[in-house]
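Comments concern the structure below.
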Protein chains: 2
Amino acid sequence: MRKGDTQEIRRLNRRAILSHLRRGPLTRADLSRLTGLAKSAVSRLVEELLQEGLLEEGAFTSPPLGRPGTLLHLRPGARFALGAEVGVEGTVLLALDWRGEVIWAKEWRHPKAAGPEERFARLFQEALPKTEGALGLGFTLPGVVVGERLLFAPNLGWRELSLKDLLADFPLPTLAENDAKASALSEVFFHGEENLAYLVLSTGLGVGVVAEGRLLRGANGAAGEVGHWQGQGERRCACGRKGCLETELSLEALLQHHRALGGEAEDVDTLRAQAQEGDPLVQASLAHLGEALGRFLANLAVAYDPARVVVGGKAAELFPFLEGPMRRALEAHAFLQAHRTLPVQPSSYGHLAAAVGGASLFLARFFELGGLWAESPRRNGGRYAEVAFGDRRGPGA
Amino acid sequence: MRKGDTQEIRRLNRRAILSHLRRGPLTRADLSRLTGLAKSAVSRLVEELLQEGLLEEGAFTSPPLGRPGTLLHLRPGARFALGAEVGVEGTVLLALDWRGEVIWAKEWRHPKAAGPEERFARLFQEALPKTEGALGLGFTLPGVVVGERLLFAPNLGWRELSLKDLLADFPLPTLAENDAKASALSEVFFHGEENLAYLVLSTGLGVGVVAEGRLLRGANGAAGEVGHWQGQGERRCACGRKGCLETELSLEALLQHHRALGGEAEDVDTLRAQAQEGDPLVQASLAHLGEALGRFLANLAVAYDPARVVVGGKAAELFPFLEGPMRRALEAHAFLQAHRTLPVQPSSYGHLAAAVGGASLFLARFFELGGLWAESPRRNGGRYAEVAFGDRRGPGA
DNA sequence: CTCCTTAGTTCGTTCTCAGGACTAAGTAAA
DNA sequence: TTTACTTAGTCCTGAGAACGAACTAAGGAG
């Protein structure tokens, strides 16, 4: 339970101003109207934010009547964070501006057998020269992450890993998150949606759910591990059990099914090419997957009731071929009328989504604190032993 | 995005004080330590709260050293709300003290065919003499409630009902909520849990999920309608579709299965009596249900990842007979180690849970506003045309 | 050139808390 | 019994923040 004092009010009002400016340039008068603050209060806070280099003055408005106002906007690059996705196949690293722009991005692949040490060593080697001025590094893993521990990542074969140890020498604050959850954040953080489900359809299947603007994590960070819903046949899953949903609905499942039909394809690109050429077998396999996806979405709708579903992950590149069968199955199985027309769209950050979400863990925190953060970026002599992992408070307003 | 001014500080600090006192009596000095407020600030706010009749001074502490302090506590009955559960079989109405005590409760049954008008007429007739001083009336329905509309209640056979019209003449603010969601609130609101799932195992099956202290509702209020997860056979469901989970896991399903085995039982009480007498057929039926429950809980755990599951609803009275098979099935199907030991317990408010949850919709709001509410309980001349329904902000801190 | 309108600043007032000095009320030890 | 010590709670002054009214700035219309 937060207490209130005069500092807290200032923080609240700075946050209100920054939040409004995230949606676009505004004059001081606009801000006064939007926040309900007195003009004098807005002027004072804006002055402060200009001093700190967070805001910039821009063009003048030209209203039909009265004095023109000065537009204010968030200064590009004034704050940014690093984000990384440590995936099954490879790693994505990027820097994300506080306005949502990807400043730079880099990707590389790993040998399948590469363990945590190897992957993180490369990540740090790449990230180290880029840390200057960053708020932190948020990275994602395709597994159950809670606080500073990775509990289980079936598709990497990792279990009970202490991330703290791996990160001991990195000179920035770090936060870890599940990849689907971070991806959901990437969709939501720059548009302020309240209810959304981000489906990662890849080697496995996972979903990141945003409910009332907050990321759903659960007690062990396992909320949204819908790839491991059981009751779908008897196929063995990477998690060690049988009949998990992702044995039927995933890239792995698609390739298996396709092979069982007699098809030959190694990866998504081949499949897409074949589908575009009109290969009937490939189209049948994709329709099969689309139908499973639609049935699944009907269940997802009664579980989380999102206002919108985003499909990401590698298999999502096949989305155009899945959409029709998916739509028909969803309509056939929907519980509510509203679910029949549930919008289902491909991801807007594409394959960078998870890494963008990782970075926005830090940006979210920055905005939540009204920009009063990272002003002393080197407490504790450059080390961050006291760093908070997997922030339980969740981002967003 | 909330703005801050000097009023807001006061509200925040009143809320902090009331919230701490909800857990038990404390002295002013305790409050100062817990909130971080200066002693003088605490004294001032406490004085104000005493004046308003919200707090009372009680016994003195007898510390080993130093001056004894005066214990403060929430004054019993100082605030209360009405809560009602409009269920399939009947209605429960009660008044709930702001400390969580049920002041009085009343129940009655309805003819199966009774429509909304008939049921609400009776509810208002019973509630009307009890409205004096209440913060509001929060009622629940066994269906999908969003804002002031009931979208769908399969087991009542109601669809697209405007609750606003039904409530036009009631002289208190009203809020509507789904029964499982309200029940979840009843468990959480007086104990401050962060992650919990409340299972209503009754005619149908529904779950109310609390994640990070907030009730999960979804865009249409359909989050947690897990009774309508599909993929379990072909039996026809009350919702009109086939293969919903509640055709396998519900009181209705239990009775059907039992009859299919050749058993005879009309209701829960009969079943329980027979089970206690050692009837092997009944025990087999219950074990069958328990096993289904366990398998379901493994799926629930990966969907929402609660720290605790509470089982309520009428079929929950059979919980002792379900527990063994449920536990075994859950352990066999758990995804995470942590899920194997997931605590599953019967409801603490019993069959009053939903109604208690309904009332606590208003108490939650009261605490959230730092007790600054209902101080002018008759604005708008006793009518509440402007009343907010199904508060999207969610209760709890 | 004057009037009207809106943007933004200045300044005095008000609200709330922080913090230190002080009083109150108990125990322990001389 | 007296004195020292400890903790509870009050009182008072000062500081931070926002409010609101008065004022200046800058444009357009007639």
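Just so we're on the same page: letters track the sequence lines, and every chain starts at 1.
Put simply, the side chain of B:Ser186 never gets that close to the backbone of B:Val356: no donor and acceptor are under 3.5 Å apart.
In this structure, A:Asn13 reaches the D:dA18 phosphate: one of its side-chain N or O atoms is under 4.0 Å from OP1 or OP2.
Distance, A:Leu45 CG to D:dA17 C1': 9 Å, rounded to whole Å. We find that CZ of A:Arg44 is positioned 6 Å from C1' of D:dA17, with the value rounded to whole Å. Taking atom CD1 of A:Ile9 as the reference point, atom C1' of D:dA15 lies 15 Å away to the nearest angstrom. Summarising the geometry, the separation between CD on B:Glu47 and P on D:dC12 is reported as 15 Å, rounded to the nearest angstrom. The CD atom of B:Glu57 sits 15 Å away from the P atom of D:dA8 (whole-angstrom rounding).
The base of D:dG20 sits with one of its N or O atoms less than 3.5 Å from a complementary donor or acceptor on the side chain of A:Ser40. Counting distance only, with no hydrogens placed and no angle test, the side-chain atoms of B:Arg67 and the base atoms of D:dA8 include a donor-acceptor pair under 3.5 Å.
Between A:Asp5 and A:Ser43, the residue whose closest nucleotide on DNA chain C is further toward the 5' end is A:Ser43. Comparing A:Thr6 and B:Thr70 along DNA chain D, the residue whose closest nucleotide (by nearest heavy atom) sits nearer the 5' end is B:Thr70. Place A:Pro64 and A:Glu48 on DNA chain D by their nearest nucleotides, and A:Glu48 ends up nearer the 5' end. Where A:Lys3 and A:Leu71 each meet DNA chain C at their nearest nucleotide, the meeting point lying more 5' is that of A:Leu71.
In this pair, B:Phe366 and B:Trp98 present their aromatic rings perpendicular. The plane angle is above 60°, beyond the 30 to 60° band.
How far CD of A:Glu187 is from CD of A:Glu193: 7.0 Å, rounded to the nearest 0.5 Å.
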Please lay out, stage by stage, how B:Thr27 and B:Leu72 fare under the test side-chain contact (heavy atoms from CB on, under 4.5 Å). CA-CA 6 Å; B:Thr27 66; B:Leu72 299 159; over 6 Å; no

Going through the checks in order, is the salt bridge (charged side-chain N to carboxylate O under 4.0 Å, His left out) test met by B:Glu212 and A:Arg214? CA-CA 9 Å; B:Glu212 297 188 7; A:Arg214 299 167 68 94; 3.3 Å; yes

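Protein chain B contacts DNA chain C over a range whose 5' and 3' limits, counting nucleotides with an atom under 4.0 angstrom from a non-hydrogen atom, are C:dC15 to C:dT27.
Salt bridge B:Arg79/B:Glu52: absent, no basic N to carboxylate O contact under 4.0 Å.
You'll find that the side chain of A:Leu37 is closest to D:dA18, out of D:dA17, D:dA18, D:dT10.
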